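Let me begin by presenting the structure, written as structure tokens, before commenting on it.
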Number of protein chains: 2
Amino acid sequence: MGERRVSKPTVSRLPLYWRSLERRASDDLRYVSSEQLANWTGFKEPTIRRDLWSLGVAGVRGFGYDVATVVLALGRHLGLERQTNVVIVGVGHLGHALAQYPVFATHGMRVAALLDADPDLAGYQIGDAVVEDVDCLEQVVAARDITVGIIAVPADAAQDVAERLAVAGIGGILNFAPRVLVVPDTVMVRNVDLSVELQILAYYLQAAAGPVNPQA
Amino acid sequence: MGERRVSKPTVSRLPLYWRSLERRASDDLRYVSSEQLANWTGFKEPTIRRDLWSLGVAGVRGFGYDVATVVLALGRHLGLERQTNVVIVGVGHLGHALAQYPVFATHGMRVAALLDADPDLAGYQIGDAVVEDVDCLEQVVAARDITVGIIAVPADAAQDVAERLAVAGIGGILNFAPRVLVVPDTVMVRNVDLSVELQILAYYLQAAAGPVNPQA
DNA sequence: TAGATTGTTAATCGATTAACAATC
DNA sequence: TAGATTGTTAATCGATTAACAATC
């Protein structure tokens, strides 16, 4: 009893640790210090130590952390061991770019289906996958054990696709359409939104350029 | 004196307010309540009231907020009034998709240049812009008053491009390459990282599927 | 040993939220 | 007036960070 009272690490840092170590593990890098990781990822050292600690990774005082151990622990924590099947809905330029993205394979993911509403695209092959009609969404998701959906359709179609994915039993959605999706909370949604990012940049640029006119 | 002691709103919510209102302002929507905004954006009502309040927007008790006023205040705050010139570096499928993205125009942004290292692409037109050689980066940035750079090149080329953009005097970078960029802190970087997002999704899916095996 | 870096607590910080008086 | 919704404080919450003892 007396549950250990420790705040979990913010998950979004873990992929960055993983990536910077994975990339260097081949270079004979045996040990890494929190200082090095801080340089490579931009996070603060104590934050990194706390994260690794709460992951259950033991470092060696005076030396640092064993790279292989850390990579393994991160991979286990992030679920990279089990294969995740992904469907990409919408094969415009964006969907096309995503389908070719090399990270899927290295991250325990597989593009199990490409769907589009345009019949002309049907049969078109990208990587290992072939474009199919979006009408097949439900069957495809069920038949291929797909748990993650990537939405790369125009904004107006996004909510509809999201609902169908949710009903089909998907667990997570990565949404590239500039819309807020409403889905049951059994479904986790991450938004990747160019327009939001641009506006945030614009905000900071303006803020840097000069103070906003002083209004109460 | 006695500076008003108020935490600024987390900027990333403002674009979502803006978008959901902008989209509905045409539909004769005059007033909006924090409850409605909560439904449309997924944020909590008190958070929304606080955000609007710290923006200096006065609502009407019992009615809500005047939509036009809110949209205007958000736009001013986000810097949507002044035009921002953007360069997209890397015109693969992703860069191509970004160049065609309709949000630029509506968000006070203009794609002022498209750059790529592949000579075969030079002269290719997308939207209002024509692909030029990446060697021209410095000249183009200076000549066209470009303040934001979008990096859509392969991971290995990203850091190099980022440095050149920084030296050229850019103020903000939107980075789509799966690399942590190291730049002077005069440059603001926002990362849009498919692999990170996928790993985060995978993490939550795994966490939902069942507890991790109990290790100290 | 001397030097370095971890492990871990406690303090800090900032953002979110509950709650309710104010008032349209 | 009655009903609704804002304005704003205070409490809560969680994450970040400073700091330093522990120890390889």
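Chain letters run A, B, ... following the sequence lines, proteins first and then strands; every chain starts at 1. Note that the coordinates shown come from a computational prediction; the quantities given were computed from them, not determined experimentally.
The distance between atom OH of A/Tyr31 and atom P of C/dT6, rounded to the nearest whole Å, is 12 Å. In this entry the distance linking CD of A/Glu35 with P of C/dT6 reads 9 Å, nearest Å. We find that CZ of B/Arg13 is positioned 12 Å from C1' of C/dG14, with the value rounded to whole Å. If you take NZ of A/Lys44 and C1' of C/dT6, they are 19 Å apart, rounded to a whole angstrom. Atom pair B/Gln36:CD and D/dA4:C1' shows a separation of 13 Å (rounding to whole Å applied). For the pair B/Asp66 CG and D/dG7 P, the computed distance is 12 Å after rounding to whole Å. Here the P atom of nucleotide D/dT8 and the CG atom of B/Leu52 are 13 Å apart, to the nearest Å. Atom CZ of B/Arg50 and atom C1' of C/dT17 are 9 Å apart (whole Å).
Classified by interplanar angle (parallel below 30°, tilted 30° to 60°, perpendicular above 60°), the ring pair B/Tyr17/B/Phe43 is perpendicular.
Two residues, A/Phe43 and B/Arg61, neighbour DNA chain D, and the one matched to the more 5' nucleotide by heavy-atom proximity is B/Arg61. The 5' end of DNA chain D is approached more closely, in terms of each residue's nearest nucleotide, by A/Arg49 than by the other of A/Arg49 and A/Phe63.
No more than 12 heavy atoms of other residues, nucleotides or ligands sit less than 6.0 Å from atom CG of B/Asp128.
Side-chain N/O atoms of B/Tyr65 include none lying less than 4.0 angstrom from OP1 or OP2 on D/dA4. Regarding contacts with the backbone of C/dA4, every side-chain N or O of A/Ser33 stays at 4.0 angstrom or more from both OP1 and OP2. Dashed line: the shortest gap from a side-chain N or O of A/Ser34 to OP1 or OP2 of C/dT5 is not under 4.0 Å.
Checking D/dT5, C/dT16, C/dG7 against every side-chain atom of B/Thr47, the shortest atom distance belongs to C/dT16. Nearest to the side-chain atoms of A/Val60 among the listed nucleotides D/dC24, C/dT17, C/dG7 stands D/dC24. Taking only side-chain atoms of B/Pro46, from C-beta outward, the nucleotide of C/dA19, D/dT9, C/dC24 with the closest atom is C/dA19.
The closest donor-acceptor contact from the side chain of A/Gln199 to the backbone of A/Val196 lies at 3.5 Å or more, if one exists at all. At distances below 3.5 Å, at least one donor-acceptor pair connects side-chain atoms of B/Asn85 with backbone N or O atoms of B/Arg144.
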Please test A/Trp40 against A/Leu21 for side-chain contact (heavy atoms from CB on, under 4.5 Å), starting from the C-alpha separation and ending with a verdict.
CA-CA 9 Å; A/Trp40 296 338; A/Leu21 290 177; 4.2 Å; yes
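In this entry C/dA10 has D/dT17 as its Watson-Crick or G-U wobble partner, both defining distances falling under 3.5 Å. Here D/dC24 sits opposite C/dG3 as a Watson-Crick or G-U wobble pair (both hydrogen-bonding atom distances under 3.5 Å).
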